[in-house]
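Below is one structure; the comments refer to it alone.
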There are 2 protein chains.
Amino acid sequence: MTTPLTAYSSFPRFHVSVDCIIFAVDNDSLNVLLIKRDFEPEKGKWSLIGGFVNDNESVDEAARRVLQELTGLNDVFVRQIGAFGEIDRDPGARVISVAYFALLNRNEVDEKVLKEYNADWVNVNTLPPLGFDHPGMISKALSVMRRKILTDALAFNLLPEYFTLTQLQTLVETVTGKELDKRNFRKRIAEIPGLEQTDLIDKESSKRGARLYRFVHPA
Amino acid sequence: MTTPLTAYSSFPRFHVSVDCIIFAVDNDSLNVLLIKRDFEPEKGKWSLIGGFVNDNESVDEAARRVLQELTGLNDVFVRQIGAFGEIDRDPGARVISVAYFALLNRNEVDEKVLKEYNADWVNVNTLPPLGFDHPGMISKALSVMRRKILTDALAFNLLPEYFTLTQLQTLVETVTGKELDKRNFRKRIAEIPGLEQTDLIDKESSKRGARLYRFVHPA
DNA sequence: ACAAAAGTGTTTCATATACACCCATGC
DNA sequence: GCATGGGTGTATATGAAACACTTTTGT
C-alpha cells in the first residue's frame with residue numbers, strides 16, 4: 001500500500017473472510033465439502049466452509065485454521081485462488097473474501113465433526129444451489145485443478161500415502177473428465193519427479209495384486 | 001463467508017488496499033511503474049502504486065480507480081494476481097492487500113501526473129530496493145507475464161493499436177528473456193485468433209517498410 | 001477354466017526446432 | 001550500390017496419440 005499523507009485510520013475497514021473449496025475423491029467422483037445453511041445469510045442454500053480472519057493471524061493462517069477446525073487436519077495442501085471483493089457479494093454485510101482450495105484424503109476427515117457443521121460431500125458435477133459468489137469460487141478452483149492435477153502434483157494430495165497406478169489414473173480421469181490410455185498414462189507419469197515405486201503390493205483391488213507407489217516431495 | 005450464529009460486527013475489520021504492478025515496454029526493456037517514497041512508511045524505498053479500497057467500490061474497481069488516478073487511463077487491461085495477507089506486511093499498520101497487474105502502452109500515460117506522484121519507469125531486471133512485500137508481488141506478476149504473454153494474448157495490451165511483427169517478437173523476447181527464431185515465431189503467431197494483418201505499412205522503422213498488424217478481441 | 005484387473009512396446013501423427021537466403025527501399 | 005530491416009520454406013527431431021495382447025491369481 002502506498003497512499004501518502006493521510007493516516008491509515010481515516011480509511012475504511014472491512015470484514016475479511018476466507019472460503020475454502022475442500023476437494024476429495026470418492027471412488028470415481030470428485031467431491032467438494034459444502035455446508036447446508038440453516039442460518040442467515042443465505043439460509044436454505046449451501047455454501048463453502050469459511051470464517052473471518054482474526055487480528056492475530058495472516059490470511060493464509062486463517063484458511064488453515066478454518067480447515068483444521070472443520071476437518072481436524074493440520075497438514076493439508078492449500079492454495080489461494082484469489083480475492084473476491086464485489087460490494088454485494090455477501091447479503092449480510094460488506095465482506096471481502098479470499099478463496100483457497102484444499103486437497104485431502106476423505107478417509108482422514110472426522111465424520112462426526114462434519115455432522116456437527118451440517119457439512120456434506122457433494123459431487124462437483126451435481127452442485128446444489130449455492131449462496132454468495134461461491135459458484136464462481138468453485139469454478140475457478142475446478143479450472144485450476146483440471147489444468148494442474150498432474151503438472152503441479154496436486155493429485156497426490158487426494159490419495160492415500162500408498163496408491164496404485166490405476167487409482168492415480170482413475171483420479172486424473174475423474175478430475176479432468178477425460179478417459180486416458182493406460183500405457184500412455186504410465187509413460188507420462190514415469191517422468192514425474194518424486195513418484196516412487198515401492199515393494200508393496202495391494203491385494204484389495206485385484207486378484208493379481210497391483211504395485212503400490214508413493215509420492216515424496218522432490219528436493 | 002459462512003460462519004454461523006454470531007453477528008458480523010463482532011469480528012475484526014481490516015484496511016484493505018490494492019497494489020498495482022503496471023507494466024509497459026520501452027524499446028527493448030520491460031518496465032514497471034514505481035514510486036519513490038518520500039513519506040512513511042517505507043520512506044526512502046520504492047514501492048508499487050496502491051491505494052485503499054473504499055466502501056462504495058469493489059476491490060476490482062479500486063484497482064481501476066488507482067490506475068486511472070495515476071495514468072489518466074480508463075481502459076487498461078487489469079488482472080488480479082492474489083491477496084497478500086501477512087500480519088506485518090505493512091510496517092505502518094495491519095493492511096491486507098490485493099495485487100493486480102496492469103498492461104499499458106507507455107506513450108498513453110501522462111508524464112506530468114507521473115512526476116507529481118514521484119513515479120518512474122524502472123526496468124524489471126534492475127529493480128531498486130522495494131518496500132513492503134512488493135518484491136513478491138512483482139515476481140508473481142512477472143511469472144504470470146512470462147507464461148501467458150502469448151497464450152493469453154497479454155502482449156497486445158503493451159503495444160500500440162498497430163504494430164509490426166518485429167515489434168511483437170521483440171516484445172515477447174523482452175518479456176521472456178529468450179531469443180526466438182523469426183520464421184518459427186511467425187508460424188506460431190499466425191494461429192492466434194484475433195491477430196489481423198492490415199493494409200498499412202510502417203515506414204518509420206525500416207527503409208523497406210513493414211506491414212502493420214492489429215489485434216481485435218475474438219468473439 | 002475363467003473372470004478380472006495388472007502390466008507392457010511399437011507405429012503413427014502432430015508439433016517444435018533448426019536453419020539461410022532474397023526483397024524492397026533510402027541513403 | 002550498399003546497408004538495413006522485412007519477409008519467406010523445408011528438413012529434422014521430439015513429444016503425443018493410437019492401438020492389443022499376455023500375466024497373475026482368486027474363485
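Checking the phosphate oxygens (OP1, OP2) of dG7(C), a side-chain nitrogen or oxygen of Arg186(A) falls inside 4.0 Å. Remark: Thr166(B) is not in phosphate contact with dG5(D), judged by side-chain N or O atoms under 4.0 Å from OP1 or OP2. Put simply, Ser205(B) has no side-chain N or O that comes within less than 4.0 Å of OP1 or OP2 on dG5(D).
Of all the heavy atoms in Pro218(B) and Pro193(B), the pair that sits closest is CG-O, 3.8 Å.
Between the CD1 atom of Ile189(B) and the P atom of dG6(D) there is a distance of 13 Å, given to the nearest Å. Atom CZ of Arg208(A) is separated from atom P of dA6(C) by 9 Å (rounded to the nearest Å). If you take CD of Gln169(A) and P of dA6(C), they are 10 Å apart, rounded to a whole angstrom. A straight line from CZ of Phe163(B) to C1' of dG6(D) spans 16 Å, rounded to a whole angstrom. Nucleotide dT4(D) holds its C1' atom 14 Å from the CG atom of Asp202(B), rounded to whole Å. The OH-C1' distance, from Tyr213(B) to dG6(D), rounds to 10 Å in whole Å. Whole-Å rounding puts the Glu179(B) CD to dT17(C) P distance at 15 Å. The distance between atom NZ of Lys182(A) and atom P of dG9(C), rounded to the nearest whole Å, is 13 Å.
No salt bridge links Glu116(B) with Lys112(B); every basic N to acidic carboxylate O contact stays at or beyond 4.0 Å.
Among the atoms of the strands shown, only primed sugar atoms or phosphate atoms (P, OP1, OP2) are found under 4.0 Å from some heavy atom of Arg211(A). Note on Thr164(B): nothing from the nucleic acid sits closer than 4.0 angstrom, heavy atoms only. Residue contacts for Lys203(A): at a heavy-atom cut-off of 4.0 Å it reaches the sugar-phosphate backbone alone, with no base atom in range.
Taking only side-chain atoms of Asp181(A), from C-beta outward, the nucleotide of dA4(C), dC19(D), dC19(C) with the closest atom is dC19(D). Side-chain proximity of Arg183(A) to dG7(D), dG9(D), dA20(D): nearest is dA20(D).
In this structure the side chain of Tyr162(B) never reaches within 4.5 angstrom of the side chain of Asp202(B), judged on heavy atoms.
Heavy-atom distances to DNA chain C give each of Lys187(A) and Glu191(B) a nearest nucleotide, and the one nearer the 5′ end belongs to Lys187(A). Judged by closest nucleotide on DNA chain D, Ser206(B) is the one of Ser206(B) and Asn184(A) placed further toward the 5' end.
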>> Between Thr126(B) and Asn123(B), is the side chain to side chain donor-acceptor pair (under 3.5 Å) condition met? List the steps.
In response: CA-CA 6 Å; Thr126(B) 57; Asn123(B) 187 320; 4.6 Å; no
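Ring geometry for Phe101(B) versus Phe77(B): interplanar angle of 30 to 60°, hence tilted.
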